[in-house]
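One structure is given here, and the rest of the page talks about it.
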Protein chains: 2
Amino acid sequence: MDAKHPVRTTEKTLALVEELMEKGPCGVTELASDLQMGKSAVHNHLTTLQKHGYVLKDGDDYRVGLKFLEVGGHSRKSMEVYQIAEPEVKSLAADTGELANLLVEEQGMGVYLMRAKGDDAVDLDTYAGLRTHLHTTALGKAILANLPESRVDEIIERHGLEQKTPKSIGTRQELFQVLEAVRERGYAIDDGERLEGLRCLAAPIKSSSGEVLGAISVSAPASRVSDEDLHGALPERVLSAANVVELNINY
Amino acid sequence: MDAKHPVRTTEKTLALVEELMEKGPCGVTELASDLQMGKSAVHNHLTTLQKHGYVLKDGDDYRVGLKFLEVGGHSRKSMEVYQIAEPEVKSLAADTGELANLLVEEQGMGVYLMRAKGDDAVDLDTYAGLRTHLHTTALGKAILANLPESRVDEIIERHGLEQKTPKSIGTRQELFQVLEAVRERGYAIDDGERLEGLRCLAAPIKSSSGEVLGAISVSAPASRVSDEDLHGALPERVLSAANVVELNINY
DNA sequence: ATAAGTGTTCTGGTCCCGAGAACGGTGATG
DNA sequence: CATCACCGTTCTCGGGACCAGAACACTTAT
C-alpha cells in the first residue's frame, strides 16, 4: 500500500530519525553526507524534532529521544492482546526459568511486544519493538501457519525469504511444508535456526473467529531442553499459556 | 531551545501522530477538523506515515503503529542507565513484592523507562515512555534534588508547577524546601500526593562526578507501609538498589 | 431514489523547504 | 600564537512541493 502522494518532507524527517537510530548519536555534517542532504536541511529537521522531544542534543551530537517510547508505549498499552498476554508471558518465564516472548504481526513483519526473563534465562538481543522476518523464528511461524495462504504469499512477495543463517527457510515450498506441520502439531519449533544452540517453541493466540492475534514462545539453550521436553512438557506449558490468553480475550 | 527555522510540514506530521495517539483510532475527516487541516493534507500525511510503518489502517480508521515502539525501544536499550538498572529494579520489585520504577529526566520532564511488578504490586496506569512533571512524584523529586538550582528554575520556568492533586507542591519555595529535605535524607517520599493512599519512596542514581542519571522507586499502598517502614527498612532497600546501580555504572 | 456521510484523487497557486554561501566558535598544528 | 580545518548555525531566494478546495467513488440511512 504505497502512498499516492507521499509527503517528501516527512519522509526526509523519518529517514533522518532512522539513520540517527542506526548510527547512534552523531552530528549534522555526518548525517547530511549519509543522506545526501544539505547541512541546513538536516539542521532544520533536527531542531524541529528536538522542539517536540523526538530528538535531543548531547553537546554537538544529536540522538533519538524518548518521545518515541512514549508514543510506542502508548500504542502497545492500548493493544488488547498485550494487556491480556502480559501476565501470562511473565508467569511462563517464571515457571520455566527461561526467556518468554510475545510477538504480533504488523505489515507482514513480526514485532516483539515484550519479553520476560526467568531465573536462568539466556539474554538474547531482542527488545520490545524489534522487528523480525516472520519465517525466521518459531513465533513468526506460529503466526504464519494461521494466516490465509494468500496473505502468506503477499508477505513473501513483500519481504522475501531472507536467509538469516544457513538453516533458514529459503523457499516458498519449504515454508508451506513447515507451516503445515505447525498446524498439525499446534505449535512451532525453532531448533537452532536463528541461533546455533538455541531452541524455541511458540504457540499461536487465536480469537474465537479463528483469526491469529499473536504468538507466545519460550527460548532456551539446547543443553537444557531434551528432545522429549521439546515435544512433551514444554509445548504443553506454552500451549496452556496461549490458551489462557485466548479464553480471556474471548471472555 | 526553540527551532529557528522549524520545518512546518514535519510539525504537522507530528501533531497528527500525537492527535492520533490521544484520540485512538479515527478517520481522516475527524482528524482534519481537529487540527484545522484540509482532508487531502491529512490523507497525504497518513499514507506517508503508513508507508513507513508509523501508522496503520484498520478498515477506514487509522491508528498509531508499532514502529514508534521500535525506535523508542532501541533508544531505551542503548541507554547505559537502563541496561544497568533494569535487573536491579526487577529484583527490587521481587524482594518487596511491590511496584518498582525507573525514571530519567529528559527536557525537564520525567520519563518512566520501566516498571516491574512484585507479587502483591498495585497496578498503576504508568507505562514505559510515560511523561510526568518531576515535582509531582517521589522519583522526580529525587532527581530535582540533585540538579543545580539554576536547572531546577529553568524547569519550573518551562513546565510550571502544575497541581495534580490538592496535595501537590504548588510554589517554588515549597519545592526548594522539600528538595533540601530530600538531600539531607538521601531519598524522596510521596505520601499520597499523586494518588490518595499510595506511598512512594525514591532514591537518586548518581554518577561518580555527582551528576544525577535517574531515580529508582517503590510504590505501595499505605496499608502495607507503616510509618516505621517509610523511614527504616524501605529506604534502606531502595538506597541499596540505587547504590548497586551506581557502582556498576562507575565500574 | 435520494441524501449525507465517508475515504480518496486531482489540480494549480502559494508558500516554504533547502542548496549553497557566509558566519562564529573550537581544537589541532606548526 | 597565528593559521588552518572542521564543526554547528544562520541567511537568502528561487524552484518545487504541500495543500485548500472541488470532484469522485463508495457505503449507509432514510
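In what follows, every chain begins at residue 1, and chains take the letters A, B, ... in the order their sequences are listed.
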Subject >> Under-4.0 Å side-chain N/O to phosphate OP1/OP2 contact, A:His43 with D:dT9 >> reply: yes

Original post:
How does protein contact run along nucleotides 11-30 of chain D, one letter per nucleotide 5' to 3', with B for base contact, S for sugar-phosphate only, - for none, heavy atoms under 4.0 Å?
Top reply: B-----SSBBB---------

**OP:** Could I get the full list of salt bridge (charged side-chain N to carboxylate O under 4.0 Å, His left out) partners for A:Lys206, not counting sequence neighbours?
**Re:** none

Subject >> Axis-to-axis angle between the two ends of the helix from C:dA1-D:dT30 to C:dC23-D:dG8 (five base pairs per end, rounded to 10 degrees) >> reply: 40°

Subject >> Partners passing salt bridge (charged side-chain N to carboxylate O under 4.0 Å, His left out) against B:Glu30 (at least two apart in sequence or in another chain) >> reply: B:Lys23

Original post:
How close or far is atom C1' of D:dC6 from atom CD of A:Glu30, stated in whole angstroms?
Top reply: 13 Å

Please list each protein N or O that sits under 3.5 Å from an N or O in nucleotides 24-29 of chain C, with the distance.
none

Original post:
Does A:Asp61 have any salt bridge (charged side-chain N to carboxylate O under 4.0 Å, His left out) partners at least two apart in sequence or in another chain, and if so, which?
Top reply: none

Subject >> Summary of salt bridge (charged side-chain N to carboxylate O under 4.0 Å, His left out) pairs that have at least one residue in residues 105-114 of chain B, sequence neighbours excluded >> reply: B:Glu105-B:Arg151, B:Glu106-B:Arg131

Original post:
What integer distance in Å separates B:Leu31:CG from C:dT8:C1'?
Top reply: 15 Å

Original post:
For A:Asp123, what residues pass the salt bridge (charged side-chain N to carboxylate O under 4.0 Å, His left out) criterion, not counting sequence neighbours?
Top reply: A:Arg115, A:Lys117

Original post:
Which residue pairs pass the side chain to side chain donor-acceptor pair (under 3.5 Å) test with at least one member in residues 9-19 of chain A, sequence neighbours excluded?
Top reply: A:Thr10-B:Thr13, A:Glu11-B:Lys51, A:Glu11-B:His52, A:Thr13-A:His45, A:Thr13-B:Thr10, A:Glu18-B:Tyr54

Subject >> Those residues that, when tested against A:His5, pass ring pair (Phe, Tyr, Trp, His ring centres under 6.0 Å) (two or more places apart) >> reply: none

Subject >> Heavy-atom check, side chain of A:Met114 versus side chain of A:Val89, under 4.5 Å >> reply: yes

Original post:
Going by the salt bridge (charged side-chain N to carboxylate O under 4.0 Å, His left out) test, which pairs reach into residues 134-148 of chain B, not counting sequence neighbours?
Top reply: B:Lys141-B:Glu193

Subject >> With A:Asp60 via side chain to side chain donor-acceptor pair (under 3.5 Å) - residues at least two apart >> reply: none

**OP:** Taking only the side-chain nitrogens and oxygens of B:Tyr62, find out if one of them lies under 4.0 Å from OP1 or OP2 of C:dT8.
**Re:** yes

